[in-house]
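Working notes, beginning with the structure itself.
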Amino acid sequence: MTSLLEVEDLRVRFSTEDGVVRAVDGVSFEVDRGQTLGIVGESGSGKSVTSLAIMGLLRGRFTVEGSVTLGGDELVRADPDFVRELRGNRMAMIFQDPLSSLHPYYTVGNQIIEAYRLHTGATKRVARKRAVDLLGRVGIPQPEGRIDDYPHQFSGGMRQRVMIAMALACDPELLIADEPTTALDVTVQAQILNLIADLQEEFGTAVILITHDLGVVAGVADEALVMYAGRPVEHGTLRQVFYEPRHPYTWGLLSSVTRLDREPEHRLRPISGNPPSLIDVPSGCPFHPRCPYRMLPEPCSTEVPEYAPVNGGHLVACHLSEQERTETFARDILPRVQSSVRKGG
Amino acid sequence: MIRYIVRRLIAVAGILLVICGITFVIFYVLPADPATLACGRACTPERIAEIQHQLGLDRPIYQQFFDYVVGIFAGRTFGTGEAAVQCPFPCLGFSYQNNLPVWSLLMDRLPVSASIAIGAAALWLLVGLGAGVISALRKGSLWDRGAMVVALSGVSLPVYFTALVLLYVFYIRLELIPYPEFVNPFTDPAGWISAMILPWITLAFLFSAMYARLTRAGMLDTMAENYVRTARAKGLPERTVVVKHGMRAALTPVITIFGIDLGQLLGGALITETVFGMPGVGQLAYQAIGTIDQPVIMGVTLFAAFFIVFANLIVDILYAVLDPRVRYT
Amino acid sequence: MGSATTNTTSSSTADTTGDAAGTGGVLLEVTGLRKHFPIKRGIIFQKQVGLVKAVDGLNFTVRRGETFGLVGESGCGKSTTGRLLTRLLRPTDGQIVLNGQDISYLPQRQVRPIRRDMQMIFQDPFSSLNPRHTVGSIVGAPFRLQRVETEGGIKRAVQELLELVGLNPEHYNRYPHEFSGGQAQRIGIARALALRPKLMVCDEPVSALDVSIRAQIINLLQDLQEEFDLTYVFIAHDLSVVRHISDRVAVMYLGHIVELGEARQIYQHPLHPYTHALLSAIPISDPDVDQARERILLTGDVPSPLNPPSGCPFRTRCWKAQDICRTERPPLAEKATGHQVACHFPEDRALIPASDR
């Protein structure tokens, strides 16, 4: 059985004056219908570039290699026109900043109808009715009255709803949400995440949710993929990644976030240093300069760790042995990730 | 929308009045006494006083200004009794040089300036916008770099140089076209085009270059916008993305500048007119300044200001039509 | 580890904080603070077409050595409040008393000497650093502006500061763009710290930073507070960050404080429905905890501050709103010791699963 979306050894690079940037360097994952994959990473981790590569939106100076199949259709090596036909139709995307992502000169109705008519060949009247339905479905009050309004006449949350309505116009099989709530207020973020989850349940869409916020992933995803410097470092079910994490970077993330449910007495334990520049990715394991458990010089600074399963589909790219990882986690990390004490212990 | 236009029209009237006031102060009050100038060389104090009275210069300045403004809209009568001279609407006074009404002088010259400006504008919009868009879409290509080098030279070469080179090549060496002169476009359209083509190319070369650079920059910015990415994410064909989502936003600011440029040229393109010996509004102004013919200078200034302000108004309205965000604020 | 260490204090730095004797005394007192921005239209003849009441009657005190958290969503007036406190803005009405001195309406010339005592850290580290100045001149600027003599010269003082905030003192001659976001924020902190202020207003100091960097900066701020007895007003939209760092917290909505209390009170016994909604909306990075807790989904958006609702500002989104909420604005009243709430129908509601310790 194959999944709806299969990404296999995806690589994206582009050259700049300072050298070749490997924005994505060997990412593989699958997402099935009705499933949500959360991709977590900091700036420069390659999470957004991965999504743009899937959508075929990287143009010009980018080189994309590897394989992406949607429902069995190969996209990376396909004719760009074929991929274009799928965009907005079988796969759709919403972005971080809904205001700048909507065209200021056209009404929201126009912008929804445009894509729908292109892909379905519907008449203007049918498409307009569809747009009104969609706007109502994503929770915009009085959609008939608002369809002819311009984006700047909506609030931030309402604009993101418009984006979602636009993305869902053709009932896509795959929805990629790239930091969909980062620019929004927290109460609005809760509304939007809730809406995405509802719609997913209703339409059985496969969702890739890209975010820097572990909390967002914890709330809505089924699986989590952690990326660092363009590479996947850990991938597993939500339980695996949050309660039995095996990669020191994931540990670092979990112990550096502030948590609402945590008494403030204890100190945060940040990851030292800064995320690497993608032009000058550290040799070996890209995380080794910031890793407190590195083994130097070998193998961490000399060899790229294999991205290998530890158990039941839980993938980790780290040179530590499974025994070292479980021991270190239990000793150093578990006591800091409090709720896990309750779960794991 | 209508309220917006009405508000803008009132603002335009206000701006013109202010310009009128400033030019009035500069040309009538500050420098040489107009009566002395109008009188000519052999002049007696009595004669000057008489002219002062005739021109209304013996009245308080605000009264003079008021008379001038009223004259524009209602016409006025200079002097009294037998010496009275009727100056019909729109009265901008009489030239000191030949005593002709300034308005009719302007009207004689306007077709020339308008012909130059409109023809050149059509040409530079076509070439400038086209080259700019193509350059932006093929950024870094041979075409782009070539076009931008040409554009750079277009911006930097002085108009008189371009004009002389064109004259030399097309008129003297190749003998392709007649010597440029003004031909009535309604009676002889073909003759008009062949006679005007060199001034058009001269101006268009400069402006195309500017517009190509502007358009290219605008297009590059716009095509990098998030909403263009959204348009692509919707699966729109690249042509729709460029034309519908890219160009409209990129060209809107260019329109603004176009309005001002066109308005300015309608008020006279001095160097082009001079090089090609065309009697346009610019030439009129030039001659008037040389002879300190104040009513004419004042008239041309107001006339040019009117075009610029009015072109701006049209542009602003156009902008509001194009960009809904302007409409609602 | 990149965070600051506490072993770099030189003799020249310790004495300026000597008079902040102990904690508990009031450092900052704010009474009836208002800031209204007129909306004007017209080019030459401007007429006022509206009034944004960005901050509309705040009362609170900040004690020496504490961290006072100011939370709320965009448009709630928290950033305007920060700018008023540091007198980057002039209040429309009300009083700000810092260290016993009324600074509310001092002219800018007289505000400058007070800047020694209060400094501000901003959200976007890069846009608040002049890209054409070196780090040395940015961090050293307060010394020059205030004509402060330093032992061993400004350069030495700056290098000590850089070390204090966890930067390499040898980077004295570098420019802001050569640093990462986290490092740039450290530069901003060093500049703010230069004259050993008593009060630091931090406006979303970590929101623009990556998760791993955020923790570094939070730890740094905590270390500096301990070392220099600093008082923080910490403005943020992220309630989890605020909980981590604050002693007391005020929740703002549409220019008003709707709830104020000890952090423990706000997080474990929140009374105001808006606080309830905020707390339930913040994601918790623990799937079981996050998915099991009670959710309150607000409908609609924050109303425009140009046209705020009558009565209680929150009533348009509140599920408990009654007639009285439309007609009468609930005053900020004390419901428990030190715990104030502005609501007609307050209710103690535990929305965060208690942690095990």
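Heavy atoms only: backbone and side chains are in, while hydrogens, waters and symmetry mates are out. Per chain, numbering begins at 1; letters A, B, ... match sequence-line order. Here the structure is a predicted model, which is why all the values come from computation and not from measurement.
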Ignoring hydrogens, what is the shortest heavy-atom contact between [X] and [Y]? Give both atom names and the distance.
X: C:A281; Y: A:T187; result: CB-CA, 4.0 Å
X: A:D213; Y: C:P283; result: OD2-CG, 4.1 Å
X: C:S212; Y: A:R290; result: OG-NH2, 2.9 Å

**Study point:** Residue pair A:D261, C:Y267: steps toward the side chain to side chain donor-acceptor pair (under 3.5 Å) verdict
**Key:** CA-CA 9 Å; A:D261 62 332; C:Y267 286 88; over 6 Å; no
Check your understanding: Do A:P270 and C:I213 have side chains that get closer than 4.5 Å, going by heavy atoms?
Key ->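 A:P270 does not reach C:I213 side chain to side chain.
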Exercise for review: With the side chain counted from C-beta on, respond yes when A:F242 and C:D288 share a heavy-atom pair under 4.5 Å apart, and no when they do not.
Suggested key: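 The answer is no, as the side chains (C-beta and beyond) never meet within the 4.5 Å cut-off.
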[X] side-chain N/O to [Y] backbone N/O, donor-acceptor pair under 3.5 Å:
X: A:D185; Y: C:S74; value: yes
X: C:R243; Y: A:L260; value: yes
X: C:D210; Y: A:E42; value: no
X: C:Q216; Y: A:G273; value: yes
X: A:Q191; Y: C:L297; value: no

Practice item. Might you confirm whether atom CD of A:E201 has over 12 heavy atoms from other residues, nucleotides or ligands at distances under 6.0 Å? Key: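 Open.
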I need the residue from [options] with the largest number of non-hydrogen atom pairs under 4.5 Å to chain A.
options: C:S180, C:S285, C:A263; result: C:S285
options: C:D290, C:D238, C:L351, C:I284; result: C:I284
options: C:S304, C:P287, C:A215; result: C:P287

Exercise for review: Before giving the answer on salt bridge (charged side-chain N to carboxylate O under 4.0 Å, His left out), spell out for A:R267 and C:D223 the whole-Å C-alpha distance, their side-chain angles and the decisive distance to 0.1 Å.
Suggested key: CA-CA 10 Å; A:R267 262 174 90 77; C:D223 288 342; 2.9 Å; yes
Practice item. Any chance you could lay out the side chain to side chain donor-acceptor pair (under 3.5 Å) test for C:R214 and A:T258, step after step, and finish with the verdict? Key: CA-CA 9 Å; C:R214 216 177 262 192; A:T258 50; 5.9 Å; no
Of the backbone (N, CA, C, O) and the side chain (C-beta and beyond), which part of [X] lies under 4.5 Å from a heavy atom of chain A, both, or neither?
X: C:R264; answer: neither
X: C:T299; answer: backbone
X: C:I218; answer: side chain
X: C:Q291; answer: side chain

Review point. Is chain C contacted by the side chain of A:N194, its backbone, both, or neither, given a heavy-atom distance below 4.5 Å?
Key: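 It is the side chain, since no backbone atom gets that close.
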